[in-house]
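Worksheet: the structure to be examined is printed underneath.
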Amino acid sequence: MEQLSKVYNPKEVEQKIYDYWEKNALFKTSITPDKKPYCIVIPPPNITGILHMGHALNNTIQDILIRFRRMQGYEALWMPGTDHAGIATQNVVERELAKKGLKRQDLGREKFLEEVWKWKKEYGSTIIKQLKKLGASCDWDRERFTMDEGLSNAVLEVFIRLYKKGLIHRGNYIINWCPRCQTALSDEEAPHRELDGYLYYIKYPFKSTNYELQTTNYITVATTRPETMLGDVAVAVNPKDKRFKELAGKTLILPLIEREIKIIEDEFVDPEFGTGAVKVTPAHDPNDFEMGKRHNLTPVNIMHPDGTLNNNAGDYEGMDRFEAREAILEDLKAKGLLQKVTPHRYAVGHCYRCHTIIEPYLSKQWFVKMKPLAKPAIEVVKKGKIKFFPKRWTKVYLEWMYNIKDWCISRQIWWGHRIPVFYCKDCQKKTGMRNEKLETSKEPAVIVSKTKPGKCPTCGGTNVVQDEDVLDTWFSSWLWPFSTFGWPFNQSSVQKQEFEYFYPTDCLATAQEIIFFWVARMIMAGMQFAGDIPFRDVYIHGTVRDKTGTKMSKSLGNIIDPLEIIDIYGADALRFSLISITAVGQDVFLSKEKFELGRNFANKIWNVSRFLLMNLKEKVEADLGSVHKQFKLTIADKWILSQLYRTLIAYTKALENYKFNEAANLLYEFVWHKYCDWYVEIAKLDINSQKTQIILYKVLEKSLRMLHPFMPFITEGIWSKLDEEKSIMISSIPHVQKQMINEESEKTMQSLIDIIVSIRNVRAEMNIPAKEKIDVIISAHSERLKDKLLDLESYIKTLAKVKNITAVVKAKRPKQAASCVLDKFDVFLPLKGIINIEAEKARLNKQLKIQESVIGALNAKLKNRDFLKKAPEAVVMGEKEKAQITKAKLEKLKESLKNLA
RNA sequence: GGGCGGUUGGCGCAGUUGGUUAGCGCGCUACGUUGACAUCGUAGAGGUCACAAGUUCAAAUCUUGUACCGCCCACCA
């Protein structure tokens with residue numbers, strides 16, 4: 001068999017191994033009637049994306065699940081793909097154009113889109129390549145893109161279905177407007193961030209022919225955005241507010257613009273806040289918009305889409321909104337109308353793409369009515385058909401769903417699915433309607449269709465134009481779990497069969513940020529269009545942060561690049577480290593050094609495999625199930641097998657409950673601290689025996705299989721050297737052999753470990769060189785234990801560097817010896833001319849102290865009548881036993897101390 | 001304003017049916033190269049689990065409250 005290099009070098013092998021998997025089509029899936037399906041759809045990364053730690057964690061988790069299930073015998077499909085990421089991608093391409101001094105408008109829509117597709121072709125699969133480096137075992141033949149023909153068709157189909165049901169409508173509302181991207185955004189795309197700002201108190205004078213009066217007779221309003229005053233159409237007070245009792249209906253002169261506005265009464269106004277009087281700006285504030293409607297006020301829009309002021313802004317026309325703010329404040333101050341300014345902390349929406357401050361902006365947009373869609377999506381979660389892990393997210397989800405608001409889906413950009421709505425200009429002319437007035441599906445001028453109609457079905461006119469807007473990117477993402485299968489299906493198509501086989505998918509793994517954007521909407525879409533839940537489990541993992549707890553982002557420069565980590569430490573090290581430090585649902589605080597954990601572990605696995613291969617005499621064919629019939633097994637043999645299967649049981653349970661870190665730590669503990677530290681060391685005693693070789697080999701081989709979902713590359717690399725057939729990827733997770741779990745051997749092994757550790761301990765304390773072999777006397781607490789000791793002698797000799805062992809029963813401490821008091825044995829090291837009595841004294845005293853505190857606690861318990869009466873019998877028995885052992889130890893320790901003197 | 005998460009040895013964290021001498025990794029101290037591994041081995045030091053009250057025979061683990069840190073949601077100008 002081939003030998004391995006001394007240090008594991010991931011760089012050499014990872015790419016080759018991945019190619020081997022792909023070449024042999026090991027990720028491929030198809031309908032397999034005798035297998036149960038297991039399916040995960042990937043959260044499609046943006047085509048603009050490059051792999052960051054969040055991706056690394058998210059996809060490692062999915063790959064673990066997929067590989068684990070595949071090895072459990074499921075037909076495990078991991079459906080991959082990418083998202084067209086409307087605004088993000090458009091921004092990237094626009095930035096490229098800007099370098100050439102061009103704007104997208106210079107190219108025109110068609111040409112610009114060509115550019116985007118070109119960009120996509122060149123860079124759009126970067127992230128996919130990076131996922132492969134991570135080891136992702138997606139079924140790449142099924143890779144989808146949200147703007148593929150099929151997925152686009154699904155998008156249009158859904159739009160039309162919703163429209164026909166009356167769940168999509170178009171209307172004038174205040175929406176979140178990004179003046180930089182110049183598009184509408186949904187509420188989710190405009191997250192609120194707190195800002196330190198000011199509350200400006202502005203005097204609005206009453207109308208009077210007497211100019212003097214105007215400056216003394218006024219009402220004060222407070223605002224955080226003074227520039228919006230140019231769009232004020234009223235001032236509102238609460239009807240119950242006594243201070244303003246007589247003022248309703250009175251006329252004010254809006255400063256700077258000199259427009260006459262009225263004082264109105266509205267319940268919405270909170271008398272406690274500010275001055276109790278509110279400026280009403282229906283075109284620039286959602287509340288004011290509603291108020292305006294209630295009072296029949298015509299909104300005054302003062303802003304261009306780019307955030308500069310328009311011709312309703314008088315002298316301020318052309319200024320940017322924040323520039324205008326300063327100018328207006330100056331002017332108000334000059335006129336003595338700025339009463340005061342107080343610091344004020346408030347939350348404002350920011351564009352989630354470019355972080356520009358959002359402008360609440362009145363415009364005509366398309367909306368999805370969400371309440372009816374939410375209803376079934378709430379039900380399935382409440383009934384537990386869909387489960388969140390960790391559970392607490394259920395509540396977050398439900399709260400959001402209960403308060404769901406309509407979804408603004410139109411975007412004023414070019415890259416995306418164009419809204420399948422056409423307007424008949426001829427009808428518009430005939431009915432005298434203007435485009436702006438179209439609001440309901442009943443309007444004859446609106447034609448909803450996947451393709452451009454040749455002529456208007458109402459009037460036969462050919463003057464038909466398509467809506468300029470595209471759909472929110474998430475309007476395609478929410479269909480992802482079924483659109484990727486080819487929905488809507490033709491009857492009896494293969495796609496339909498596959499869908500029926502794999503859907504509902506099993507698990508969706510994602511980060512918390514995306515629950516509302518995506519998870520909630522997928523559930524609604526699944527229920528509405530696919531007729532069933534999109535997935536059974538939702539696993540929400542934490543956010544990856546830097547070691548100070550700040551979210552990693554490019555702009556902050558605090559990212560740790562997964563590709564760099566892969567380059568230095570290897571993909572397996574990255575994966576294993578990331579997983580083992582990520583507790584369920586907890587955020588991860590990362591620093592580069594943490595990846596050493598995985599690298600070191602990989603190296604350990606590599607080296608113990610290397611050791612095995614160096615010593616393996618022939619191919620191991622035997623099975624563990626029969627090895628105990630064929631050979632007489634030692635304590636250590638039984639112990640490692642017992643531990644193996646205990647580990648397997650716990651490992652499986654952990655993975656089935658999404659406790660990835662637990663499973664990882666179990667493997668680490670087993671492989672390193674049980675197999676390597678103890679079993680391999682013991683096995684060296686008779687490394688050439690067939691029995692030992694079989695067990696060494698088989699335990700490693702099974703460990704590798706358990707490790708494979710976490711560390712796919714190194715396990716495959718070693719596997720290929722083991723003369724095993726095929727790929728480890730398609731081997732199976734070992735089966736539990738319950739009969740191999742052997743408590744007796746575990747107890748004995750524990751005693752052995754205790755003995756060896758105690759001898760090593762004394763050696764260290766007494767500064768006995770490692771090379772110097774010593775004699776020990778071991779006193780068993782019973783005849784039976786003494787017999788067992790004989791089995792263990794050779795282990796002790798080797799592992800604790802002992803020359804002669806004298807086994808006795810219940811012996812007293814010999815003179816001139818260091819002594820260790822254990823549960824079932826006492827160990828004496830006769831040290832000729834004791835090197836250091838003080839050190840021994842100190843050692844014994846330390847032990848004495850520990851045992852005394854233990855016995856103290858135990859005695860207190862055992863003296864407590866309530867404890868004896870109320871605690872379960874097993875617990876009481878256990879404590880009594882412990883007390884007995886501890887008492888015996890104590891006595892011996894005291895005796896040893898006395899003896900020493 | 002509402003909701004959620006965290007607070008365990010120097011650092012980073014585990015610890016869900018309440019009962020272990022409270023674990024792990026890094027770091028630290030001492031020793032060590034007998035050929036799997038210095039990306040290693042051996043031994044050790046170091047914490048009464050934020051604080052307070054309560055439930056219980058028994059609490060890091062359950063309840064309530066407090067403090068600090070962090071996150072999410074929210075139309076109070």
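Each chain gets a letter, A, B and so on, in the order its sequence line appears, and its residues count up from 1.
For the side-chain contact (heavy atoms from CB on, under 4.5 Å) test, residues two or more places apart in sequence or in another chain that qualify with A:E746 are A:W639, A:S642, A:Q643, A:R646, A:E743. For A:D823, the salt bridge (charged side-chain N to carboxylate O under 4.0 Å, His left out) criterion is met by A:K889, not counting sequence neighbours. Shown here are the side-chain contact (heavy atoms from CB on, under 4.5 Å) partners of A:E681, two or more places apart in sequence or in another chain: A:K684, A:L799. Remark: A:Y201 engages no residue in a side chain to side chain donor-acceptor pair (under 3.5 Å) (not counting sequence neighbours). When the salt bridge (charged side-chain N to carboxylate O under 4.0 Å, His left out) test is applied to A:E290, no partner is found at least two apart in sequence or on another chain. In this structure A:N176 satisfies the side-chain contact (heavy atoms from CB on, under 4.5 Å) test together with A:L185, A:D187, A:A190, A:I358, sequence neighbours excluded. Contacts of A:R843 classified as salt bridge (charged side-chain N to carboxylate O under 4.0 Å, His left out), with partners at least two apart in sequence or in another chain: A:E840.
When the nearest nucleotides of RNA chain B are assigned to A:N864 and A:T582 by heavy-atom distance, the more 5′-ward of the two goes with A:T582.
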For this session: Quick one: the dot-bracket string of RNA chain B, using Watson-Crick and G-U wobble pairs with both distances under 3.5 Å, [ ] for crossing pairs and | for bases paired to another strand.
Result: (((((((..((((.....[...)))).(((((.......))))).....(((((..]....))))))))))))....
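Atom name P, nucleotides B:A53 and B:A60: the rounded distance is 15 Å, in whole Å. Annotation: B:G19 and B:C62 have their C1' atoms spaced 14 Å apart (nearest Å). As rounded to the nearest Å, B:U42 and B:U33 have P atoms that lie 15 Å from one another. Nucleotides B:C11 and B:A74, compared at atom P, are 37 Å apart to the nearest Å. Straight-line distance between the P atoms of B:G15 and B:U8: roughly 14 Å, to the nearest whole Å. Taking atom P in both B:U7 and B:G12, one finds a spacing of 12 Å when rounded to whole Å. As rounded to the nearest Å, B:U63 and B:G44 have P atoms that lie 38 Å from one another. For B:C13 and B:G54, the P atoms lie 33 Å apart once the distance is rounded to whole Å.
For the ring-ring contact (aromatic ring centres under 6.0 Å, His included) with A:Y539, the lone residue among A:F389, A:W393, A:Y658 that qualifies is A:Y658.
Side-chain contact check for A:V538 versus A:Y397: every heavy-atom pair is 4.5 Å or farther apart. A:T228 places a side-chain heavy atom less than 4.5 Å from the side chain of A:K279. Looking at heavy atoms from C-beta onward, A:P271 lies in side-chain contact with A:R243 at the 4.5 angstrom threshold. Contact annotation: the side chain of A:L195 approaches that of A:I357 to within less than 4.5 Å [non-hydrogen atoms, C-beta and beyond]. Two residues are said to be in side-chain contact when any heavy atoms from C-beta on lie closer than 4.5 Å; A:E12 and A:N9 meet this criterion.
Side chain to side chain, A:N607 and A:Y8 fail the donor-acceptor criterion of an N or O pair below 3.5 Å.
Ionic pairing of A:E772 and A:K801 is not present here: no N-O contact between side-chain nitrogen and carboxylate oxygen is shorter than 4.0 angstrom. The pair A:R321-A:E227 does not count as a salt bridge, with every side-chain nitrogen at least 4.0 angstrom from each carboxylate oxygen.
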What protein N or O atoms touch nucleotides 72-77 of chain B N or O atoms at under 3.5 angstrom, if any, and at what distances?
| residue | atom | partner | partner atom | Å |
| --- | --- | --- | --- | --- |
| B:C75 | OP1 | A:K405 | NZ | 3.2 |
| B:C75 | O2' | A:N287 | ND2 | 2.4 |
| B:C75 | N1 | A:N287 | OD1 | 3.2 |
| B:C75 | O2 | A:N287 | OD1 | 2.3 |
| B:C75 | O2 | A:N287 | ND2 | 3.2 |
| B:C76 | O2 | A:D270 | OD2 | 3.3 |
| B:C76 | N3 | A:D270 | OD2 | 2.5 |
| B:C76 | N4 | A:D270 | OD2 | 3.4 |
| B:A77 | O2' | A:A222 | O | 3.2 |
| B:A77 | N6 | A:D270 | O | 2.6 |
| B:A77 | N6 | A:F273 | O | 3.0 |
| B:A77 | N1 | A:D270 | N | 3.2 |

Grab the N/O contacts between the protein and nucleotides 18-23 of chain B below 3.5 Å, and write none if there aren't any.
| residue | atom | partner | partner atom | Å |
| --- | --- | --- | --- | --- |
| B:U21 | OP2 | A:K882 | NZ | 3.4 |

Problem set entry | A:W672 and A:I605: CA distance, side-chain angles, deciding distance, side chain to side chain contact (heavy atoms under 4.5 Å, CB included) verdict | CA-CA 8 Å; A:W672 198 317; A:I605 295 167; over 6 Å; no
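Atom-to-atom, CG of A:L666 to P of B:C24 comes out at 14 Å; the value is rounded to the nearest Å. With rounding to whole Å, A:L597 atom CG is found 9 Å from B:C26 atom C1'.
Look at A:K395 and you'll find a side-chain N or O under 4.0 angstrom from OP1 or OP2 of B:C4.
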Seminar exercise, completed: Each nucleotide of nucleotides 5-11 of chain B classed B (base within 4.0 Å of a protein heavy atom), S (only sugar-phosphate) or -, in 5' to 3' order, makes SS-----
Exercise. Once each nucleotide of nucleotides 32-45 of chain B is scored for protein heavy atoms under 4.0 Å, what B/S/- sequence comes out, 5' to 3'?
Worked result: -SB-BBSBSSSSSS
